[in-house]
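A quick write-up on the structure given underneath.
Both ligands and their constituent atoms are indexed starting at 1 by order of listing. Here, residue 1 is the first one in the sequence, and each next residue gets the next number.
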Amino acid sequence: MFGRRGAQEEQLATTPAAHAMARPENPERSLPAVASHPFIKSQGNGSNPGASPLPTTAAGQPTTRKDEQYYDLKTQVFAALIEAIDVAQLAKLDATEARGAVGDVVKDIVAAKKVVMSILEQDELLQDICNDVLGYGPLEPLLARDDIADIMVNGADTVYIEVAGKVQRTDIRFRDNAQLLHICQRIVSQVGRRVDESSPICDARLSDGSRVNVIAPPLAIDGPSLTIRKFKKDKLTLDQLVRFGSITHEGAEVLQIIGRVRCNVIVSGGTGSGKTTLLNCLTRYIEPGERIVTCEDAAELQLQQPHVVRLETRPPNIEGEGQVTMRDLVKNCLRMRPERIIVGEVRGAEAFDLLQAMNTGHDGSMGTLHANSPREALSRVESMITMGGYSLPSKTIREMIASSVDVVVQAARLRDGSRRITHITEVLGMEGDVIITQDLFVYDMIGEDAKGNVIGKHRSTGIGRPRFWDRARYYGEEKRLAAALDAAEQSSP
Ligand SMILES: Nc1ncnc2c1ncn2[C@@H]1O[C@H](COP(=O)(O)OP(=O)(O)O)[C@@H](O)[C@H]1O
Ligand SMILES: [Mg+2]
């Protein structure tokens, strides 16, 4: 029984789970010599960690910023553990059993090494090691936090997170780049992919829906780079956006109407500006009876309606085959008798198919794209179509855009980290070769306060009758629209 060997050499029964993963061979072997283990990169500074206590604060609490000593000890316990258990067997246990089993072994190893530790410190070490063996290692505590939007790992020693719009560095680190790559590997293998020197770029998804990108050396020069966009279970609602000051109450009201009366919408914005959040908000106001097809690279939208078909693209497999692009999905959508098509992110030639859908009776279709202003959003659509290989005159493409897109909603992440809806803009039509737009709402930046927070104000541009007025009337929303626009104008400077 490996769990009780080493210094104690006792033959007590451990848990059945621990028993199950015991290595069959050489059961009486004593604790392995740490130095011989391939997991260990550096052997520390030759100090004997066996009897050294963990660093503690004056109050006896473990220091939060773990130091070298802690990592040294952890490395040694970890190495001993890996020698002692059969990881393949361990993988067959469920999470709680596996944690129990690992816990038993770790306690024995710590006891055998005669390390002086409080219960609290031992728990912390155990937690860390369990995360390494069973989960995503040092990432686990970050993955468990709901307030984090993004996790960015730039090599083993540098981990940044984004909380409340601000990017900050954490003191979390990996043992070395090998461990980091190993964890990347574990993440991507769950979706049947692989990341290593020969295929160093990989997209994947965690089981909770979070999106993952890995780029490994030699392409990433300073070690594997891992980016996780955390999946938020509770998507923000328009009410919350109003509370955060991302949009005014009246602006939100107009967005609701835009969603309900089947305007064709493009949500535009930079990375992490809140495009997907906004798109998700807009979909809340779709009637429950409508048949909706969504196309996404990684399913993020959470539609409340009962009649929804969700589609997802697929990257090519290891042999480079089997790819299904956004374009394939959007094209296929048109044969599925959708009433609305929602495209998570328009990046390429699918722009053409989405416009076609908007133009051919699938009113109320929506998509997001990456641009910094409503005007830029429209020219992005044009260039996506041109680059997609359609040899149409640019005027024709623009006419197509002008007749398909009703509204562009612009999201932005300001320099203080706050997110704002900066424009609700209508597409009016063409004048000569130019697409004409008109802003309904805009956000004006005025300045900055002492703490660096952006000061600004939303204002209505005073348009009393937007182009989708007739639509609103058709859907019985005319009065609400008039009231919202009126109130917005009253409260605008
Ligand atoms: N108006 C907002 N206020 C605060 N946080 C927001 C707002 N909009 C989005 N977020 C948060 O910002 C992060 C990125 O939003 P997301 O919609 O995924 O951005 P994008 O699709 O533009 O990359 C998410 O964690 C989301 O919850
Ligand atoms: Mg998005």
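Between the side chains of Arg284 and Gln305, no donor N or O sits under 3.5 Å from an acceptor N or O. Between the side chains of Thr425 and Asp439, at least one donor N or O sits under 3.5 Å from an acceptor N or O. Side-chain contact annotation: Asp150 with Tyr160, donor-acceptor N/O pair under 3.5 Å absent. Side-chain contact of Asn359 with Ser404: a donor-acceptor pair under 3.5 Å is present, judged by distance alone. Side-chain contact, Asn280 with Thr277: no donor N or O sits under 3.5 Å from an acceptor N or O.
Under 2.8 Å from the Mg ion (ligand 2) lies an N/O/S atom of Thr276, whether from backbone or side chain.
In terms of protein heavy atoms, atom 13 (C) of ligand 1 is closest to Arg419 NH2, 3.8 Å. Among all non-hydrogen protein atoms, the one lying nearest atom 21 (O) of ligand 1 is Thr276 OG1, 2.6 Å. Nearest non-hydrogen protein atom to atom 8 (N) of ligand 1 is Gly274 CA, 3.8 Å. Residue, atom and distance of the protein heavy atom nearest to atom 3 (N) of ligand 1 are Phe244 CD1, 3.4 Å.
Ligand 1 has no nitrogen or oxygen under 3.5 angstrom from a nitrogen or oxygen of Thr271. Below 3.5 Å of separation, one finds an N or O of Gly272 facing an N or O of ligand 1. The shortest N or O to N or O distance between Leu236 and ligand 1 is not under 3.5 Å.
Looking only at distances, no side-chain donor or acceptor of Asp486 sits under 3.5 Å from a matching main-chain atom of Glu489. Within the 3.5 Å criterion, the main-chain N or O of Gln185 finds no donor-acceptor partner in the side chain of Arg194. Between the Thr461 side chain and the Leu440 main chain, a donor and an acceptor come within less than 3.5 Å of each other.
Taking the ring axis of Tyr474 as reference, the NZ or CZ atom of Arg262 does not stay both within 45° of it and closer than 6.0 Å to the ring centre.
Only the side chain of Arg229 comes within 4.0 Å of ligand 1, counting heavy atoms alone; its backbone N, CA, C and O stay farther away. Contacts with ligand 1 closer than 4.0 Å are made by side-chain heavy atoms of Lys232 only, the backbone lying farther away. Under 4.0 angstrom from ligand 1, the non-hydrogen atoms of Thr277 come from both its backbone and its side chain.
For the pair Met400 and Phe352, the minimum side-chain heavy-atom distance is below 4.5 Å.
Which parts of ligand 1 touch Leu241 is read off a 4.0 Å heavy-atom cut-off, strictly below it: atoms 1 (N), 2 (C). Close contacts between ligand 1 and Ser246 involve ligand atoms 1 (N), 2 (C), 3 (N) [criterion: under 4.0 Å to a heavy atom]. Residue Ala149 approaches ligand 1 through these ligand atoms, each under 4.0 Å from one of its heavy atoms: 25 (O).
Note on ligand 1: Gly270 sits in its first shell, one or more heavy atoms being nearer than 4.0 Å.
With His370, Arg413, Lys275, Arg420 as candidates, the residue nearest to atom 20 (P) of ligand 1 on a non-hydrogen basis is Lys275.
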